[in-house]
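Reading through the structure tokens given below for one structure.
The shown structure was predicted, so the numbers you read here are calculated from the model rather than taken from an experiment. By convention here, the first residue in the shown sequence is residue 1.
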Amino acid sequence: MPEKPGSYQFYDADHVIIYVGKAKSLKSRVSSYFHKEVDRFKTKVLVSKIQDISYTVVNTEEDALLLENSLIKKYNPRYNVLLKDGKTYPSICVTNEFFPRIFKTRTINRRFGTYFGPYSHVGSMYAILELIKKIYKPRTCHLSLTREGILQGKFKACLEYHIHNCEGPCIGRQQYEDYQSKIAQAKEILKGHTREVQKQLYEEMQKAAEDLRFEEAEVLKNRILALDNFCAKSEVVSQTITDVDVFTIVDDDARKNAFVNYIHVTNGTINQSFTFEYKRKLDESDQELLLAAIPEIRERFQSHAKEIIVPFDMDWKLPDAAFFIPQRGDKKHLLELSQMNGKQYKFDRLKQAEKLNPEQKQTRLMKELQQKLQLEKMPYRIECFDNSNISGTDAVAGCVVFKAMKPSKKDYRKYIIKTVEGQDDYASMQEVVRRRYSRMMEETPEDLPDLIITDGGLGQMNVVRAVVEGELKLQIPIAGLAKDDRHRTNELLFGNPAQTIGLDVKSELFHALTRIQDEVHRYAITFHRDKRSKHALHSALDDVKGIGPKTRDVLIRHFKSVKRVQTSDIQELTLVIGASRAKVVYDFFHAKAEETK
């Protein structure tokens, strides 16, 4: 599953939705039901009944929350009720008082007022309350206001009035009609009808400006701007869309199959989203296939939407609906969301097929590389070289071999640089390539690679080409992986003269090539460290012929240092390692001592 936000649906054996959930990462959230040991009995019951899973991807976590909410209202899944964790989600109450109040509550009493919610995302609820408080300034006091009491002056203004958070209905500074009008607009916002409220405010602002009431027009303008800031664009909720179908089509790589995504929107929210796979039988075009799929899908879901959003012109017309190609706005966002879900479904099917048949992925990557480099044959065997040294000391090189894009470790080779003195990476590379392919031409010419990759840019490619093509007269394609200023691989070079091959750095092929590069770098530097560590740990005991590493370690553990071994007499050595080996060690050090006199 994708690591993207979205909503997921669990189905039972009868293909009935039994649970709808939301996730910041669909893969992590859904896998948690199956990979972790759950303690709650009800969750175990739910998991035991899951027979199928579907999901819809969206762009943001907020969209995932809204989509989950609309799907729960549409399908009323059984376990969304059973699996509640015991907490009560808060709602927003608009009281039935003479001057209504608006506040958060967890207690529902329908006789007391009108309730909106509940809100599973508390941050969204507070954002709405803050918006209403900023625009309409409803009273927050608990006074039992009545018309008679206000006229008789029974109430006093509180601090909220003096700091301009309330317009003072308790002391007659705000008229009843004006207050009720603002509460009605606040209710529309709570219902989600923000577009209508904006339109109404805009008309009031225009009229105030025409009547030269500019200060009042400025207040209304600020309210409109506040609503604009609050109403973030969402692909899954749009108050301007009532009842539409959305269809998009995505081809597979071979154009044998096509994936048709269907989204249905009612009252501004998505309540259905499915992707269907169609097989081409007569090489139908996308228009022909989509035109055949639309009536079938609409009949299956009993959709009677009069407007159908599609990605391109349709040659035919339906008797009960009209096709529409959006260019901008909410409908364009819905079309893009449908396309994203179709592409995600295609990608998931590809991954499933490659898990069942891993060779399919490897073949696809080799064919893609062949196409990118325009090679005569598919690069089944790829070899990559890298040098490793510190200021020219302990210079070594490594060669890794990949067959069918998988490492063939039995064919890896290590090389100690023999003819190059000092730090000369180009000369070292030429020596290794010359030694490898000269020997291979004599012994196993059938193992010559289909492609050579150098761990470097243009310079490495040129020196390898000078040996392979110039000296050995071999026609083996040579590519190079170049790094940027931050030492990150960022491009693939190929050809003579070398050119940059257009390759997306996020693509699977680029990741496969950088994996080859990382592997040869690891192999070469590990060999260099091993060689360097042997020098660093070398002692005089390693030069004694006739004793091995075990005897050396026994002597070091007992005498603590090589110097004390040198100065020990033969009797003490005999007690530790035996007479024969003691004589070998004693003679070695005392013979060296005689030579130095």
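- Among all heavy-atom pairs drawn from Gly398 and Val520, the shortest one is O-CG2, 3.6 Å.
- Residues Phe385 and Val464 form no side-chain contact, since every pair of their non-hydrogen atoms from C-beta on lies 4.5 Å or further apart.
- Residues Glu307 and Lys331 form a side-chain contact, since some pair of their non-hydrogen atoms from C-beta on lies under 4.5 Å apart.
- Atom CG of residue Leu513 and atom CG of residue Leu451 lie 8.5 Å apart, to the nearest 0.5 angstrom.
- Taking both residues in full, the closest heavy atoms of Pro77 and Val20 are given as CG-CG2, 3.6 Å, listed atom of the first, atom of the second, then distance.
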Residues Asp286, Asp251; criterion side-chain contact (heavy atoms from CB on, under 4.5 Å); working and verdict: CA-CA 8 Å; Asp286 285 351; Asp251 293 323; 3.0 Å; yes
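- Remark: Lys306 does not engage Asp243 in a salt bridge, criterion side-chain N to carboxylate O under 4.0 Å.
- Contact annotation: the side chain of Glu383 never approaches that of Phe402 to less than 4.5 Å [non-hydrogen atoms, C-beta and beyond].
- Separating the CG atom in Leu373 from the CG atom in Leu369 is a distance of 4.5 Å, to the nearest 0.5 Å.
- Looking only at side-chain heavy atoms (C-beta outward), Ile382 and Val401 stay at 4.5 Å or farther from each other.
- For the pair Glu508 and Arg364, the salt-bridge criterion is met [side-chain N within less than 4.0 Å of a carboxylate O].
- The existence of a salt bridge linking Asp411 and Lys403 is confirmed by a sub-4.0 Å separation between a basic side-chain nitrogen and an acidic carboxylate oxygen.
- Arg298 contributes a side-chain N or O that, together with a main-chain N or O of Ala305, makes up a donor-acceptor pair within less than 3.5 Å.
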Can Glu519 and Tyr412 be said to form a side chain to side chain donor-acceptor pair (under 3.5 Å), step by step? CA-CA 11 Å; Glu519 176 67 1; Tyr412 286 14; 2.9 Å; yes
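- Classified by interplanar angle (parallel below 30°, tilted 30° to 60°, perpendicular above 60°), the ring pair Tyr19/Tyr8 is tilted.
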Test side chain to side chain donor-acceptor pair (under 3.5 Å) on Glu336 and Ser338 and set out the steps. CA-CA 5 Å; Glu336 292 170 351; Ser338 176; over 6 Å; no
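- Rounded to the nearest 0.5 Å, atoms CZ (Phe10) and NZ (Lys49) are 14.5 Å apart.
- Considering every non-hydrogen atom in both Gln185 and Leu201, the closest pair reads OE1-CD2, 3.4 Å.
- In this structure, Asp12 contributes its side chain and Asp14 its backbone to a donor-acceptor pair below 3.5 Å.
- Atom CD of Gln51 has more than 12 neighbouring heavy atoms from other residues, nucleotides or ligands inside a 6.0 Å radius.
- Nearest heavy-atom pair across Met366 and Met405 is CG-CG, 3.6 Å.
- One N or O on the side chain of His264 and one on the backbone of Val244 form a donor-acceptor pair closer than 3.5 Å.
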Between Met314 and Leu290, does a side-chain contact (heavy atoms from CB on, under 4.5 Å) hold up when you go through it step by step? CA-CA 9 Å; Met314 306 294 286; Leu290 191 58; 4.3 Å; yes
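- Counting heavy atoms from C-beta outward, Ile308 and Ile294 have side chains that approach closer than 4.5 Å.
- With a 4.5 Å cut-off on side-chain heavy atoms, Pro326 and Arg328 do not count as touching.
- Leu335 approaches Ile309 most closely through the heavy-atom pair CD1-CG2, 3.9 Å.
- A side-chain donor-acceptor contact under 3.5 Å links Arg381 to the backbone of Asp447.
- Nearest heavy-atom pair, Lys346 versus Val250, reported as atom, atom and distance to 0.1 Å: CD-CG1, 3.8 Å.
- Put simply, the residue from Tyr262, Phe259, Phe274 that forms a ring pair (Phe, Tyr, Trp, His ring centres under 6.0 Å) with Tyr345 is Phe259.
- Taken from CG in Leu334 to CD1 in Ile263, the straight-line distance is 6.5 Å, to the nearest 0.5 Å.
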What's the verdict on side-chain contact (heavy atoms from CB on, under 4.5 Å) for His15 and Asp52, showing C-alpha distance, side-chain angles and the deciding distance? CA-CA 7 Å; His15 208 71; Asp52 195 9; 3.2 Å; yes
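- Counting heavy atoms of neighbouring residues, nucleotides and ligands inside a 6.0 Å radius, atom CZ of Phe324 exceeds 12 of them.
- In this structure, Asp455 and Gln460 have side chains that are not in contact, with every pair of non-hydrogen atoms separated by 4.5 Å or more.
- Atom CD of Gln302 sits in a sparse spot, with 12 or fewer heavy atoms from other residues, nucleotides or ligands closer than 6.0 Å.
- Residues Glu296 and Arg300 are paired through a salt bridge, judged by an N-O separation under 4.0 Å between the basic side chain and the carboxylate.
- Side-chain contact between Lys4 and Ser25 is absent, with no heavy atoms from C-beta onward closer than 4.5 Å.
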Decide side-chain contact (heavy atoms from CB on, under 4.5 Å) for Phe323 and Leu291; before the verdict, give the C-alpha distance in whole Å, the side-chain angles of both, and the deciding distance to 0.1 Å. CA-CA 11 Å; Phe323 293 115; Leu291 190 63; 4.1 Å; yes
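- Atom CG of Asn341 and atom OG of Ser273 lie 4.5 Å apart (nearest 0.5 Å).
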Pairs under 3.5 angstrom only: tabulate donor-acceptor contacts from the side chains of residues 493-501 to other protein residues two or more places apart or in another chain.
unit_1: Thr500; atom_1: OG1; unit_2: Glu491; atom_2: OE1; d: 3.2

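- Distance check: Tyr11 OH to Ile53 CD1 gives 10.5 Å after rounding to the nearest 0.5 Å.
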